[in-house]
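Along the sequence shown, residues are numbered consecutively beginning with 1. We count ligands from 1, going down the list as the structure has it; atoms in each ligand are counted the same way. A quick note: this is a predicted structure, and the numbers were derived from the prediction, not measured.
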Amino acid sequence: MAKVLILGAGGFIGHHLAHRLKAEGCYVVGADIRPPQFSPSPADEFHIGDLRDPAFCLSIFGSYDRLYQLAADMGGAGYIFSGDNDASIMTNSAQINLNVLALARETKPGVLFFSSSACIYPDPMEYHPGIYAESTAYPAQPDSEYGWEKLFSERLYLAHARNFGLNVRIARLHNIFGPQGTWDGGKEKAIAAISRKVIAAADGGTVQIWGDGTQTRSFLYIDECLEGIERLVSSSFMQPLNLGSDEMVSIRALTEMIISISGRKLSIQHVEGPTGVDVRTSNNSLINNALNWRPTSPLRRGVEATYSWIESQMKS
Ligand code: NAD
């Protein structure tokens, strides 16, 4: 039975990953500063503590077949792009990654997975049209401090692979969404935030979205994200790899899709707010070559599942 450690097991992706790995028969140890928000963790052991604290990290480290490092100080556009949280985001996440690597050097997990982000890519207006192949990360110019910390930490993991022989895997995740994700409170992301606004609006009313709605993104459903992580972890590919959908959608078209799922008549109102870069999507050539697989699930299917879960939460 494989023994795995999930750091950030109380978070959206970590909680789903714990379910998947338990179902596959792993012995799952989870750690987070808080338990999962919406349902209990299925982990065999769940340790509550602060991964910025080396003593807490020491208490949960040991011999693991796989270690998944998903813990980070993060949130949606309102949290990452406002500038108000920059110092905390950089300090907290870098401290966690430094602690993890100091112990991984000693304990040598079979595979060490690090969750990087599409936010490491440079501003598309200056460099290229926003369809990011992995090689376009440099020259680096992420548009947020969150992205800079992820890029620094990618390099930190790769340096530890080089100098200490750690068996590292790095995925650059692009907008993961699904049920059991945060949908209010300021850290929610686009699909959850727009779904909440649509559900809360009175029939015939309006839904506010940030910016003019022409920003385009792609969104990856959680099940395909986990499939990609597992395929990457089982491969021998050690360079950072995009894990995202290449189905591009503007925020306005996404909002229209969610309104149509709701079956109600609502109009869209554009308001000032943080929007991030104009265009960002995943180029999936490398993942296709490296893993002989790439995400293909249609966006609407995942949005429907997420919408109905948020609706059930808001009505309960
Ligand atoms: P999340 O915020 O739901 O999960 C992160 C977890 O880390 C949270 O449960 C949080 O409590 C925990 N954490 C933060 N600081 C901690 C600390 N000091 N000690 C212990 N635990 C701490 O985020 P998620 O969506 O599950 O993302 C998981 C990882 O994937 C993160 O590293 C994130 O940066 C990365 N990522 C996610 C997306 C996405 O769209 N969800 C996109 C790109 C990258």
Do [X] and [Y] share a hydrophobic cluster (ILVMFWY, side-chain heavy atoms under 4.5 Å, transitive)?
X	Y	result
Ile89	Leu98	no
Ile261	Ile222	yes
Trp148	Ile96	no

Are the charged groups of Arg301 and Asp223 less than 4.0 angstrom apart, N to O?
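Result for this pair is no, no salt bridge flagged.
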
Is it true that, when you exclude Arg264 itself, more than 12 heavy atoms of the residues, nucleotides or ligands shown sit nearer than 6.0 Å to its CZ?
yes

So with a 6.0 Å cut-off around CD of Gln269, is the heavy-atom count from everything else above 12?
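Yes - once you tally the heavy atoms of other residues, nucleotides and ligands closer than 6.0 Å, there are more than 12.
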
Taking N or O atoms only and a 3.5 Å limit, does [X] qualify as a polar contact for ligand 1?
X	answer
Asp73	no
Ile176	yes
Gly14	no
Phe12	yes
Ser115	yes
Leu173	no

Those atoms of ligand 1 less than 4.0 Å from some heavy atom in [X]:
X	answer
Lys150	31 (C), 32 (O), 33 (C), 34 (O)
Gly10	9 (O)
Gly49	19 (N), 20 (C)
Ala71	7 (O)

Can you classify the ring geometry of His174 versus Tyr121 as parallel (below 30°), tilted (30 to 60°) or perpendicular (above 60°)?
tilted

What I'd like to find out is whether the side chain of [X] reaches to under 4.5 Å of the side chain of [Y], using heavy atoms alone.
X	Y	result
Thr206	Leu266	no
Asp246	Asn283	no
Gln313	Glu311	no
Leu21	Glu230	yes

Tell me which part of [X] gets within contact of ligand 1: side chain, backbone, both or neither, using heavy atoms under 4.0 Å.
X	value
Gln69	neither
His15	neither
Ile96	side chain
Asn175	backbone

Please list the nearest protein heavy atom to [atom] with its residue and the distance rounded to 0.1 Å.
atom	value
atom 41 (N) of ligand 1	Lys189 NZ, 3.0 Å
atom 23 (O) of ligand 1	Met74 SD, 3.3 Å
atom 26 (O) of ligand 1	Ile13 N, 2.8 Å
atom 4 (O) of ligand 1	Gly11 CA, 3.3 Å
atom 21 (N) of ligand 1	Ile33 N, 3.2 Å
atom 14 (C) of ligand 1	Ala72 O, 3.3 Å
atom 10 (C) of ligand 1	Asp32 OD1, 3.4 Å

Out of [options], who gets a non-hydrogen atom closest to [atom]?
atom	options	result
atom 31 (C) of ligand 1	Ile191, Leu70, Leu51	Leu70
atom 36 (N) of ligand 1	Phe56, Tyr146, Phe114, Tyr79	Tyr146
atom 18 (N) of ligand 1	Asn99, Leu220, Asp50	Asp50
atom 44 (C) of ligand 1	Gly244, Ala190, Ser116	Ser116

Does at least one non-hydrogen atom of His174 fall below 4.0 angstrom from an atom of ligand 1?
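Per 4.0 Å heavy-atom rule, His174 does not contact ligand 1.
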
Does Arg172 have a non-hydrogen atom less than 4.0 Å from ligand 1?
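Not so, Arg172 does not reach ligand 1.
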
Looking at Trp309, I'd like to know if the NZ or CZ of Lys315 sits under 6.0 Å from its six-membered ring centre while staying within 45 degrees of the ring's axis.
no

Lys/Arg cation over aromatic Phe113: Arg169, 6.0 Å, 45° cone:
no

List the steps, then state whether side chain to side chain donor-acceptor pair (under 3.5 Å) holds for Ser153 with Glu149.
CA-CA 6 Å; Ser153 287; Glu149 189 284 327; 2.6 Å; yes

Reported CD1-to-CZ distance for the pair Ile176 and Phe12, which is rounded to 0.5 angstrom
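Ile176 atom CD1 to Phe12 atom CZ measures 7.5 Å (nearest 0.5 Å).
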
Quick one: pull up OG1 in Thr281 and CZ in Arg217 and give me the separation to the nearest 0.5 Å.
9.5 Å

